Amino acid sequence: MPIPFEGSAFLLTKILIKYTILVSIYFFRYPFYMDKETDNFSLAKAYEPQAYEDEIYQAWEASGFFNPDNLPTQGEAFSIAMPPPNATGILHLGHASALAYEDLMIRYKRLQGLQTLWLPGTDHAAIATQTKVEKILASEGTDRHILGRDKFLARVKDYVANSRDIIKNQTKKMGSSCDWSREAYTFSDDLSQAVNTAFVRMYDDGLIYRGLRIVNWCPRCASTLADDEVEYQEQVGKLYYIKYGPFVVATTRPETKLADTGLAVHPDDARYKNYLGQEIEIDLAGHKITVKVFADSQVDPEFGSGAIGVTPAHSAVDYEFAQKNNLKIIKLIDEQGHILASGGKYTGLDVQEARAKFLADLESAGLLVKVEDYPNNLSVCYRCSTAIEPLTSEQWFVAVDKKIAHRGNKTLKELAIEAVKSGDIKILPDRFEKVYYHWMENLHDWCISRQIWWGHRIPVWYTEDHEKIVTLNEAEASKLAQGKKITQDPDTLDTWFSSALWTFSTLGWPNEEAKDFIKFHPTTVMETGYDILFFWVARMILMSEYLVGTKPFATVYLHGMVRDKEGRKLSKSLGNGIDPLDMISQYGTDALRLSLMMGAAPGADLKLYEEKIAGSRNFVNKLWNISRFIFSQTTDIHTVDVEPQTTDKLDQAILAKFNKLNKEVTEHLDKYEFSLAAIKLYQFTWTDFADSYVEIAKKQTLRRAQGDVGKEDILLYILERLLKLWHPFIPFVTEVIWKQFQTNALLMVEHWPKAQGKIDAQAILYFDGLVGVISYLRELKAENKISPSEFPPCKILSEEVNREHLQLIADLARVKLTSEDIDVESAKIWFCEIYINLKKEMSPKEKAELENYIKSLEAKLANENFVSNAPAQVVEENQKKLAAAKNKLNN
RNA sequence: GGGCAUAUAGCUCAGCUGGUUAGAGCGCUACAUUGACAUUGUAGAGGUCAGAGGUUCGAGUCCUCUUAUGCCCACCA
């Protein structure tokens with residue numbers, strides 16, 4: 001073994017003449033206190049993540065192994081399409097946790113020799129991005145209309161490019177081992193081509209149509225929204241009762257009454273029976289409307305007056321009434337939220353103004369019967385929280401209930417439901433499968449056209465004479481137009497339309513011969529938050545089943561939301577936000593990742609707080625120091641390929657415990673139980689390995705003759721494998737430590753350890769028993785107020801404990817073995833037949849507890865039913881427990 | 001109005017198919033310069049497992065009801 005830094009040793013020996021021998025031994029055995037720069041074996045006293053993380057990430061990236069094509073083994077494929085991050089360019093904890101889970105799965109499978117592809121990318125996030133850029137423009141005193149479409153889009157492109165770079169760097173900061181060479185973007189030429197192809201195919205199959213329907217309209221965004229893009233805010237609004245010809249109707253939106261064309265009552269409501277089927281003219285303070293009275297059992301006769309004014313153009317429910325009862329549809333509110341000519345004297349006013357004026361007019365005409373406070377849900381835009389105006393509009397829709405001939409005459413809905421019902425796709429946790437069915441079953445035609453500018457233009461062109469051309473690109477459209485002038489549809493597609501193609505558009509589809517598409521689709525796991533089950537997951541299933549004819553992924557792993565310690569959402573306004581980058585710079589990426597992993601279960605929210613991250617940092621440091629110690633005890637740092645054979649029961653035990661751990665961790669990971677895997681690894685590493693076995697090894701190695709490697713191979717064997725088991729959780733520190741093995745290979749592409757041999761339960765019992773005895777002796781010392789520095793004489797007699805382990809017990813418990821006679825009777829300890837010269841006084845409380853325990857055991861054993869019904873093994877265990885407890889009490 | 005989830009030590013959570021005197025980490029108390037680690041070690045205090053019934057020889061664990069909290073869905077105008 002090289003002894004570096006002899007100069008220092010010499011220097012010290014010179015100064016400390018008296019301690020020459022001591023000092024030279026010190027340096028001989030502990031060469032790792034050397035300066036980091038001059039000795040690559042040395043490890044700093046505490047792990048400093050900042051010193052290594054960037055360098056390690058670069059080494060990973062440079063190795064090319066993020067790209068599955070370069071992996072040494074070309075095994076079975078395992079792929080994850082990374083959910084695109086939000087477009088604002090800020091990595092928040094939700095995204096950080098997703099990256100941690102995905103990287104965990106990828107690294108685990110890569111270690112298992114699978115050909116892993118984690119494909120990163122971003123989407124253009126249409127409304128979100130446009131809203132963001134519009135806000136920036138507003139702060140500059142301009143808007144998109146002043147700029148014009150082209151300049152505005154250029155502006156958005158700049159913004160997106162910038163935030164994409166930021167997100168990319170932050171994703172790397174998290175240690176994500178994704179294949180950057182395949183990075184995708186929904187707005188790239190390839191993916192846009194996929195989008196147009198999807199649109200055209202669906203159009204040709206009659207699954208996309210243009211039609212006049214009631215849609216959710218956000219006046220702020222000046223665009224339609226899909227049903228699930230509408231959120232509800234609880235509020236206390238007003239319920240207005242309006243005299244309405246011979247009726248009184250109650251409404252929360254009085255101005256819409258100007259466009260009523262129907263009046264609905266319950267079929268059994270005697271009050272209104274005579275009016276059924278009649279068309280009645282109603283004068284609303286000078287504004288005349290004609291309504292058709294009809295019956296519908298949905299009407300609650302108890303609510304308000306039991307009569308509902310029906311406004312088909314501006315209410316989804318009313319629109320359905322209109323369809324069923326052939327009502328006229330009068331559009332009252334335009335896309336800017338202004339009253340149309342149908343509003344008579346209110347024309348041109350915005351909705352709020354019209355409401356105020358109309359109410360005032362009603363009041364002066366004596367038609368406003370009463371006003372009540374009324375709690376209801378206001379529907380608002382999920383992006384900008386502006387109140388939604390439902391209105392009828394000519395839009396593009398995806399028909400979800402239309403049978404598709406080449407898909408077994410099934411509808412999109414049916415295809416998507418069957419994919420999960422058949423078990424082809426598994427959703428975790430499985431309770432979300434029910435939620436999924438419920439949503440799918442109630443899905444209405446999906447409005448996919450948006451009036452915003454930032455998005456995929458709808459691939460439809462119109463000729464001068466209003467002929468519609470649906471095709472892949474403008475050149476094709478021109479050809480088909482045969483010289484006629486063409487104009488492209490000004491609308492863009494819902495961002496989720498392109499996102500729905502994500503798993504396959506990123507792999508080369510529509511080219512079904514593409515290598516990646518063949519190898520990696522369907523993807524293996526879709527890891528994402530339960531909050532976008534409908535937005536995204538459901539739509540990916542729908543699109544893949546239809547367009548590709550297969551599922552998009554085999555398993556959906558839905559993670560929960562990250563919350564603060566009180567369970568509140570993390571938000572700027574609450575001031576409880578935790579910035580992941582800040583945490584990384586303080587505690588390191590591994591610590592953050594581990595904190596996000598432990599205590600997390602699929603579908604369950606995770607409470608995160610800084611102390612927890614600090615605790616994880618402590619663990620990472622512990623692993624570091626365990627390694628440091630082991631390396632310092634090792635004459636030659638080497639990997640040990642075969643489980644070391646040993647006759648020492650404690651060695652056998654730690655190997656057995658490790659094998660058990662190895663097996664359990666693998667099983668947990670296979671079942672997506674990441675937290676349980678981490679907790680077991682944590683307990684083994686800290687408690688069994690560091691606190692118990694390493695301490696034992698310390699004492700035993702010390703007593704061995706020079707030249708005997710002692711427990712070196714076992715320590716190295718377990719450490720090496722622990723690094724591999726830990727790697728998917730805490731990739732950086734494990735990779736750094738691994739470098740000490742000097743194998744020239746990255747830990748990232750090593751092999752996942754396989755549990756070896758039988759798990760020796762007897763050895764484990766022996767180990768735990770021995771540790772228990774040590775603990776007990778320490779307890780006795782503490783209770784007898786004996787300082788840890790004192791070594792009280794102690795006589796240990798045992799037939800169960802190996803002779804050589806008696807000294808070990810004494811060393812670790814810090815007692816002095818003695819052969820002098822001790823009053824055995826007064827010093828007898830119940831456990832393991834060990835006799836020492838200390839006595840533990842049982843407190844009255846302890847004594848009472850023990851007596852109660854004995855009583856309960858005696859009662860149990862006296863119970864005929866118990867003895868005859870319980871398994872013999874359980875009865876026997878209880879008898880043993882009773883004997884032990886009695887023994888303890890009597891001594 | 002439906003549906004789902006959660007309820008275990010001061011805090012965050014384990015406890016899988018019923019049999020442990022109910023565990024861990026943080027925090028708390030006391031002690032400690034133990035040949036890696038004070039980002040540490042050792043020992044300790046702290047819980048009638050939300051409440052009430054039930055099934056069982058036996059329930060934190062299964063069933064029913066109740067309470068609290070959170071979330072999702074829904075066209076009560």
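Letters go in sequence order (proteins before strands), and every chain restarts at 1. On a predicted model such as this, the values are computed, not experimentally measured, just so you know.
Between A/Asp811 and A/Lys699 no salt bridge is recorded (no basic side-chain N to carboxylate O distance below 4.0 Å). Taking a cutoff of 4.0 Å between a charged side-chain nitrogen and a carboxylate oxygen, A/Glu673 and A/Lys680 do not qualify as a salt bridge. A/Asp564 and A/Lys607 are not joined by a salt bridge, as no carboxylate oxygen comes within less than 4.0 angstrom of a charged side-chain nitrogen. At a threshold of 4.0 Å, the pair A/Lys671-A/Glu667 does not count as salt-bridged, since none of the basic side-chain nitrogens sits closer than that to a carboxylate oxygen. With respect to A/Lys880 and A/Glu877, no salt bridge is recorded, no charged nitrogen being found less than 4.0 Å from a carboxylate O.
The residue A/Asp691 sits close only to the backbone: its heavy atoms come under 4.0 Å of sugar-phosphate atoms, none of a base. Within the nucleic acid shown, A/Pro429 has no heavy atom closer than 4.0 Å to any nucleic acid atom. Using a 4.0 Å heavy-atom criterion, one finds that A/Arg814 contacts the bases of the nucleic acid, with or without backbone contacts as well. At the heavy-atom level, A/Ala870 lies under 4.0 Å from base atoms of the strands shown. No contact: A/Leu857 has no heavy atom under 4.0 Å from any strand. As judged by a 4.0 angstrom heavy-atom cut-off over every strand, A/Ile308 is placed among the base-contacting residues. Heavy atoms of A/Asn377 sit under 4.0 angstrom from at least one base atom. A/Lys785 comes within 4.0 angstrom of no nucleic acid atom, judged by non-hydrogen atoms across all strands. Residue contacts shown for A/Glu849 are absent, as no nucleic acid heavy atom lies under 4.0 Å away. Residue contacts for A/Gln298: at a heavy-atom cut-off of 4.0 Å it reaches a base atom on one of the strands shown. As judged by a 4.0 angstrom heavy-atom cut-off over every strand, A/Asn863 is placed among residues touching the sugar-phosphate backbone only.
Between A/Asn865 and A/Ala782, the residue anchored closer to the 5' end of RNA chain B is A/Ala782, taking for each the nucleotide with the nearest heavy atom. Sequence order on RNA chain B of the closest nucleotides to A/Gly615 and A/Asn869 puts A/Gly615 first from the 5' end.
Side-chain nitrogen and oxygen atoms of A/Lys622 include at least one within less than 4.0 Å of the OP1 or OP2 phosphate oxygen of B/G41. In this model, the phosphate group of B/U40 is approached by a side-chain N or O of A/Asn618 to a distance below 4.0 Å at OP1 or OP2. The side chain of A/Ser775 places an N or O atom within less than 4.0 Å of a non-bridging phosphate oxygen (OP1 or OP2) of B/A43. At B/G25, none of the side-chain N or O atoms of A/Trp686 fall inside 4.0 Å of OP1 or OP2 (strictly under the cut-off).
The line from CD of A/Glu864 to CG of A/Asn869 is 9.5 Å long, rounded to the nearest 0.5 Å. Atom CD1 of A/Ile730 and atom OG1 of A/Thr589 lie 12.0 Å apart (nearest 0.5 Å).
Per the geometry, CZ belonging to A/Phe535 stands 12 Å off C1' belonging to B/C72, to the nearest Å. Put simply, CG on A/Asp811 is 11 Å from P on B/G35, counting in whole angstrom units. Taking atom CH2 on A/Trp439 and atom P on B/A74, their separation rounds to 10 Å, with Å as the unit. Nucleotide B/C73 holds its C1' atom 7 Å from the CZ atom of A/Phe534, rounded to whole Å. Residue A/Lys781 contributes atom NZ, which lies 20 Å from atom P of B/A30 at whole-angstrom precision. Per the geometry, CG belonging to A/Asn442 stands 15 Å off P belonging to B/G3, to the nearest Å. In this structure, CD of A/Glu48 is placed 13 Å from C1' of B/C37, rounded to the nearest angstrom. What separates CG of A/Leu861 from C1' of B/G58 is a distance of 12 Å, to the nearest Å.
Considering only the side chain of A/Asn621, B/U39 comes nearest among B/A77, B/A24, B/U39. Nearest to the side chain of A/Ala46, among B/A43, B/U39, B/C37, sits B/U39. Among the nucleotides B/U34, B/G44, B/U12, the one closest to any side-chain atom of A/Tyr609 is B/U12. Listed candidates were B/A77, B/U12, B/C71. Nearest to the side chain of A/Lys565 is B/U12. Listed nucleotides B/U20, B/A36, B/A43 differ in distance to A/Lys698; the shortest reach to its side chain belongs to B/A36. Distances were taken from every side-chain heavy atom of A/Arg431 (C-beta onward) to each of B/A43, B/C4, B/A36; the shortest belongs to B/C4. With B/A77, B/U21, B/A24 as the choices, the nucleotide that has an atom nearest any side-chain atom of A/Tyr853 turns out to be B/U21. Which of B/G25, B/A77, B/A43 sits closest to the side chain of A/Tyr682 comes down to B/G25. Relative to the side chain of A/Lys434, the nucleotides B/A77, B/A24, B/C4 differ in distance, and B/C4 lies closest. When each of B/A77, B/C37, B/U34 is scored by its nearest atom to the side-chain atoms of A/Asn625, the top-ranked nucleotide is B/C37.
A donor-acceptor contact under 3.5 Å is not formed by the side chain of A/Lys45 with the base of B/A36. Between the side chain of A/Glu673 and the base of B/A14, no donor-acceptor pair of N or O atoms lies under 3.5 Å. A/Arg617 contributes a side-chain N or O that forms a donor-acceptor pair with the base of B/U39 under 3.5 Å.
Nucleotides B/A45 and B/G19, compared at atom P, are 26 Å apart to the nearest Å. A distance of about 29 Å separates the C1' atoms of B/C31 and B/A14, rounded to the whole Å. Of the P atoms belonging to B/U48 and B/G54, the separation is 22 Å, rounded to the nearest Å. Spacing of P atoms, B/G10 relative to B/A50, comes out at 13 Å, to the nearest Å. To the nearest whole angstrom, the two P atoms, one in B/U8 and one in B/G51, are 10 Å apart. Separation of the P atoms belonging to B/A36 and B/G41 is 13 Å when rounded to the nearest angstrom. The C1' atoms of B/U66 and B/A7 are separated by 14 Å, rounded to the nearest whole Å. Taking the C1' atom of each, B/C49 and B/A9 are spaced 10 Å apart, rounded to whole Å.
Remark: ring of A/Phe866 not stacked against base of B/C57; the cut-offs of centroid gap under 5.5 Å and plane tilt under 30° are not jointly satisfied.
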Determine whether A/Glu231 and A/Tyr382 satisfy the following criterion, side chain to side chain donor-acceptor pair (under 3.5 Å), listing intermediate values before the conclusion.
CA-CA 5 Å; A/Glu231 281 181 356; A/Tyr382 81 134; over 6 Å; no
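Side-chain N/O atoms of A/Asp605 and A/Tyr530 include a donor and acceptor closer than 3.5 Å.
Within the cation-pi definition used here (under 6.0 Å to the ring centroid, within 45° of the axis), A/Lys860 qualifies as a partner of A/Phe866.
In this pair, A/Trp686 and A/Phe619 present their aromatic rings tilted. The plane angle is within the 30 to 60° band. Taking the six-membered ring where the residue is Trp, A/Trp624 and A/Tyr52 present tilted rings, their angle falling between 30° and 60°.
Paired runs in RNA chain B that reach 3 or more consecutive Watson-Crick or G-U pairs, where each pair keeps both distances under 3.5 Å, cover B:1-7 with B:67-73, B:10-13 with B:23-26, B:28-32 with B:40-44, B:50-54 with B:62-66.
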